[in-house]
Novice: 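I'd like to ask you about the structure that follows.
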Amino acid sequence: MRPADFSATQAATSLTQFRSASPLVHCLTNDVVQSFTANVLLALNASPAMVVDPEEAVQFSAMADALLVNVGTLDRARADTIRAALSRAHHMGTPWVLDPVAVGALTFRTEFCRELLIWKPAAIRGNGSEIMALAGLNAQGRGVDSADDSLAALPAARELARQVGTIVAVTGAVDYVTDGERDIAVSGGDRIMTRVVGTGCALSAVVAGFCSLAGERLSHVAAACYVMALAGQQAARLAQGPGSFIPHFLDELYTLSAEEPA
């Protein structure tokens, strides 16, 4: 069955709700992308926080509207912080998103991310290789780079969504969002986004914020992908390279019409 295309009208509805809610997103994310992730969330009228002290992270996970776990710069001390924060978030019913950076390529993070699934993420966002590896399938990846096409990874995304009871977004040239039964395709973006550190990680933070919204989560996650892809596509038309892309991208997110993205 062909995935349904996501419409601008659907994205506009979720974006309007997101801007109004201004969700507080607690980002346990990697050290490389913290500033960029915070700026992306701020541009969309969300409130970012990067609370990493173990005791404070546990407290803050109960205060936040959503939690992001990104394992890009994982170490054992941070793993303990993540476990504690997720235990509290799960107890409080705070939705959280897993970004399984480089899972499949490295053993510690692969085993750790599979362990985290017991806390039932609201969504998982990764590239084709990461999603396939997390689902337990052979995948071809090199660090954070994926050698597996997002469409080729869609069956693994469906299976992972069914196993965990979550929404899975597998991103690439086309993003596919699935709950295991229904699939949504989100087109857009630009290849230059793969030449800027943090666009995927920032997307996962945006997905976390959209997961905090009331209503159909599958549609909200697809809207997060749509908004980021559209802003990237528009920014790429104005940019001369990766350096000028970043400010244009943030501006496009900030000025994107909540009435009707197009």
Side-chain angles (χ1 to χ4, degrees), residues 14 17-18 21 23-30 33-34 36-38 40-41 44 46-52 57 60-74 78-79 81-83 85-90 92-103 109 112-127 130-131 134-135 144 157 160-161 163-171 175-180 184 186 198-229:
S14 290
Q17 190 176 347
F18 184 91
L24 175 60
V25 184
H26 181 194
C27 301
L28 289 172
T29 192
N30 75 70
V33 303
Q34 287 189 9
F36 182 68
T37 298
V40 165
L41 288 170
L44 288 169
S47 297
M50 278 68 177
V51 180
V52 296
F60 204 82
S61 64
M63 298 165 53
D65 296 305
L67 172 65
L68 166 67
V69 172
N70 174 306
V71 299
T73 51
L74 185 68
R78 185 164 299 188
T81 298
I82 290 170
R83 288 187 185 99
L86 283 184
S87 178
R88 184 67 179 276
H90 182 71
M92 298 297 297
T94 304
W96 70 279
V97 169
L98 174 63
D99 187 336
V101 178
V103 160
R109 69 187 55 226
F112 178 68
C113 284
R114 288 175 179 161
E115 172 195 333
L116 297 186
L117 298 180
I118 64 171
W119 281 298
K120 300 294 182 181
I124 301 169
R125 200 294 309 171
N127 63 38
E130 291 161 349
I131 295 302
L134 195 60
V144 298
L160 183 61
Q163 288 176 3
V164 180
T166 189
I167 306 299
V168 176
V170 53
T171 53
D175 299 339
Y176 295 98
V177 183
T178 182
D179 62 4
I184 298 175
V186 180
T199 53
C201 297
L203 169 58
S204 295
V206 174
V207 168
F210 273 79
C211 280
S212 72
L213 303 178
E216 187 181 48
R217 185 162 285 163
L218 178 68
S219 182
H220 287 321
V221 173
C225 294
Y226 186 101
V227 165
M228 291 286 279

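Side-chain atoms are counted along with the backbone in the values below, which use heavy atoms only and exclude waters and symmetry mates. From a predicted model like this one, the values you see are computed outputs, not experimental measurements.
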Novice: I'd like to know if the side chain of T178 reaches the main chain of V168, judged simply by a donor and an acceptor atom lying under 3.5 Å from each other, with no hydrogens or angles considered.
Specialist: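 No: the side chain of T178 does not pair with the backbone of V168.
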Novice: H26: which residues meet the ring pair (Phe, Tyr, Trp, His ring centres under 6.0 Å) condition with it, sequence neighbours left out?
Specialist: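 Residues passing ring pair (Phe, Tyr, Trp, His ring centres under 6.0 Å) with H26: F60.
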Novice: Kindly say whether P121 contributes a backbone atom to a donor-acceptor pair with the side chain of H90 at under 3.5 angstrom?
Specialist: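 No, H90 side chain to P121 backbone: no donor-acceptor pair under 3.5 Å.
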Novice: Do N70 and C27 have side-chain heavy atoms sitting under 4.5 Å apart?
Specialist: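 Answer no - side chains too far apart.
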Novice: Which distance, rounded to the nearest 0.5 Å, do you find between the CE of M92 and the CG of L67?
Specialist: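 Here the interatomic distance stands at 13.0 Å.
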Novice: Look only at the side chain of R88 and the backbone of S61, and say whether a donor-acceptor pair between them is shorter than 3.5 Å.
Specialist: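 Not a single qualifying donor-acceptor pair exists.
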Novice: Ignoring hydrogens and angles, tell me if any N or O in the side chain of T166 forms a donor-acceptor pair with the backbone of A122 under 3.5 Å.
Specialist: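 Yes, because the side chain of T166 sits within donor-acceptor range (under 3.5 Å) of the backbone of A122.
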Novice: Please list, chain by chain and in numerical order, all residues satisfying side-chain hydrogen bond (donor to acceptor under 3.5 Å, both in side chains) with R78, sequence neighbours excluded.
Specialist: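 Partners of R78 by the side-chain hydrogen bond (donor to acceptor under 3.5 Å, both in side chains) criterion, ordered by chain and then number, come out as D31, T73.
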Novice: Check ring pair (Phe, Tyr, Trp, His ring centres under 6.0 Å) between F18 and all other residues, then give those that pass, not counting sequence neighbours.
Specialist: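 With neighbours one apart ignored, the set is F210.
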Novice: Using a strict 4.0 Å threshold on nitrogen-to-oxygen distance, state whether E115 and R83 make a salt bridge.
Specialist: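 Yes, E115 and R83 are salt-bridged.
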Novice: Less than 4.5 Å apart, any side-chain heavy atom of V221 and any of R125?
Specialist: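 A side-chain contact under 4.5 Å is absent here.
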Novice: Without swapping roles, check the side chain of R109 against the backbone of V101 for a donor-acceptor pair under 3.5 Å.
Specialist: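 Yes, because the side chain of R109 sits within donor-acceptor range (under 3.5 Å) of the backbone of V101.
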